[in-house]
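To keep things clear, I will list the structure first and then write my remarks on it.
Scope of the values below: all heavy atoms of this structure, side chains included, with no hydrogens, waters or symmetry mates.
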Amino acid sequence: MDKTVIIFYEERNFQGRSYETSSDCADMSSHLSRCHSCRVESGCFMVYDRTNFMGNQYFVRRGEYSDYQRMGMSDCIRSCRMIPMHRGQFRIRIYEREDFGGQMHECMEDCDSIMDRYRMSDCMSCHVMDGHWLMYEQPQFRGRMMYLRPGEYRSFREMGYGGTRFMSMRRIMDSC
C-alpha cells in the first residue's frame, strides 16, 4: 500500500518552498510562512484555514490543488489532518437536536439529502460508531464540510458550526 503523502507549497501553482508530511500538522507556520497550494501523492487529508484543525475544512485526495481560494478557504491552509483508511462497515447516528435529542436515525451509507430521506430539518449532533464521514451544509454533498471520525459529537454549535445546517453526508471510502 502507498504511504500517505501530502506536499504543501508557499505559493499558488506549487511554487516556493515546500513541506511534505504523512501525518497531522496542527500548525503549518512551523514549516512554511504561508501555504497556498498542495499536492496529494496518496491517501486522503482534511486541510483547514486555521491552526489546530479549526475553521473552514476541505477534503483532499490524490491530486493537485493549485489555489487555496478555489477550495473555499478564506485564508491560506494552516493545518491538516491525515484521514486513516477504514475497511469494514460504516455506521453513524444522527440526531435532530444537541445532546442526542429529538429524532434519531442510524445510517450505514451515503445520504444526499437528510431532509428528503429522514424528514429531519436539522441535524445538530451525532455519534460516529464506525468509519470516517463528511457532513455537508447543502444537499448533494455541497457547501461547507465537516470531517467526523469515530466518537460522540454532542453539539455542532459548540464545535464552531452555529447556524450551519448539515443537509447531506458521505462515507470516506478507501478509494482515496
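For the residue pair Glu10 and Ser33, a side-chain donor N or O sits within less than 3.5 Å of a side-chain acceptor on the partner.
By the side chain to side chain contact (heavy atoms under 4.5 Å, CB included) test, Glu11 is found to be paired with Gln15, Arg34, His36, residues two or more places apart in sequence or in another chain being considered. Remark: Tyr136 pairs with Phe141 by the ring pair (Phe, Tyr, Trp, His ring centres under 6.0 Å) rule, at least two apart or across chains. The salt bridge (charged side-chain N to carboxylate O under 4.0 Å, His left out) check on Asp49 picks up nothing, with sequence neighbours excluded. Glu109 is linked by a salt bridge (charged side-chain N to carboxylate O under 4.0 Å, His left out) to Arg117, counting only residues two or more places apart in sequence or in another chain. Take Glu152 and apply the salt bridge (charged side-chain N to carboxylate O under 4.0 Å, His left out) test, not counting sequence neighbours, and it matches Arg154. Remark: Gln103 engages His105 in a side chain to side chain donor-acceptor pair (under 3.5 Å) (not counting sequence neighbours). For Arg157, the salt bridge (charged side-chain N to carboxylate O under 4.0 Å, His left out) partners at least two apart in sequence or on another chain are Glu98. The side chain to side chain contact (heavy atoms under 4.5 Å, CB included) test applied to Met129 returns Arg91, Arg93, Glu106, His127, not counting sequence neighbours. Under the side chain to side chain donor-acceptor pair (under 3.5 Å) criterion, Gln138 pairs with no residue at all, not counting sequence neighbours.
In the hydrophobic cluster analysis, where Ile, Leu, Val, Met, Phe, Trp and Tyr join through side-chain heavy atoms closer than 4.5 angstrom, Phe156 is grouped apart from Tyr95.
Judged by the 6.0 Å distance and 45° axis criteria, Arg39 is not positioned over the aromatic ring of Tyr65.
Atom-to-atom distance recorded for Tyr48:OH and Ile77:CD1 is 12.0 Å, nearest 0.5 angstrom. Taking CD of Glu41 as the start and OG of Ser22 as the end, the distance is 10.0 Å to the nearest 0.5 Å. Ser23 OG to Ile6 CD1: the interatomic distance, rounded to the nearest 0.5 Å, is 11.0 Å. Cys44 contributes atom SG, which lies 10.0 Å from atom CE of Met82 (distance to the nearest 0.5 angstrom). Distance check: Ser37 OG to Glu64 CD gives 9.5 Å after rounding to the nearest 0.5 Å. The structure places CZ of Phe53 at 14.5 Å from CZ of Arg78, a figure rounded to the nearest 0.5 Å.
Annotation: side chain of Tyr68 is not in contact with side chain of Cys38 (no heavy-atom distance under 4.5 Å). Residues Asp130 and Met108 have side chains not in contact (no heavy-atom distance under 4.5 Å, counting atoms from C-beta outward). Tyr118 is listed as a side-chain neighbour of Cys111, based on a closest heavy-atom distance under 4.5 Å. The shortest distance between side-chain heavy atoms of Ser113 and Ser168 does not fall below 4.5 Å. Contact annotation: the side chain of Arg170 never approaches that of Asp112 to less than 4.5 Å [non-hydrogen atoms, C-beta and beyond].
Aromatic ring centroids of Phe166 and Tyr161 lie under 6.0 Å apart.
Using cut-offs of 30° and 60° for the angle between ring planes, the Phe90 and His86 rings count as perpendicular.
Here Met115 sits in one hydrophobic cluster together with Met167; the rule is ILVMFWY side chains under 4.5 Å apart, joined directly or through other members.
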Full working for side-chain contact (heavy atoms from CB on, under 4.5 Å) between Thr4 and Met85 | CA-CA 10 Å; Thr4 300; Met85 283 303 93; over 6 Å; no
Could you please spell out the steps behind the side-chain contact (heavy atoms from CB on, under 4.5 Å) verdict for Val40 and Phe45?
-> CA-CA 8 Å; Val40 180; Phe45 292 82; 4.3 Å; yes
Check the pair Met169, Cys107 against side-chain contact (heavy atoms from CB on, under 4.5 Å), reporting the backbone distance first and the verdict last.
-> CA-CA 10 Å; Met169 61 191 171; Cys107 313; 3.0 Å; yes
Output, in order, the C-alpha distance, side-chain angles, deciding distance and verdict of side-chain contact (heavy atoms from CB on, under 4.5 Å) for Asp67 and Asn13.
-> CA-CA 7 Å; Asp67 186 348; Asn13 299 312; 6.0 Å; no
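Among residues at least two apart or in separate chains, salt bridge (Lys or Arg N to Asp or Glu O under 4.0 Å) pairs with a member in residues 18-29 are Asp24-Arg81.
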Can you give me every donor-acceptor pair (side chain of residues 143-150, partner residue at least two apart or in another chain, under 3.5 Å) with its distance?
residue: Arg144; atom: NE; partner: Asn56; partner atom: OD1; Å: 3.4
residue: Arg144; atom: NH1; partner: Thr164; partner atom: OG1; Å: 3.4
residue: Tyr147; atom: OH; partner: His132; partner atom: ND1; Å: 2.7

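At distances below 3.5 Å, not a single donor-acceptor pair connects side-chain atoms of Ser125 with backbone N or O atoms of Ser155.
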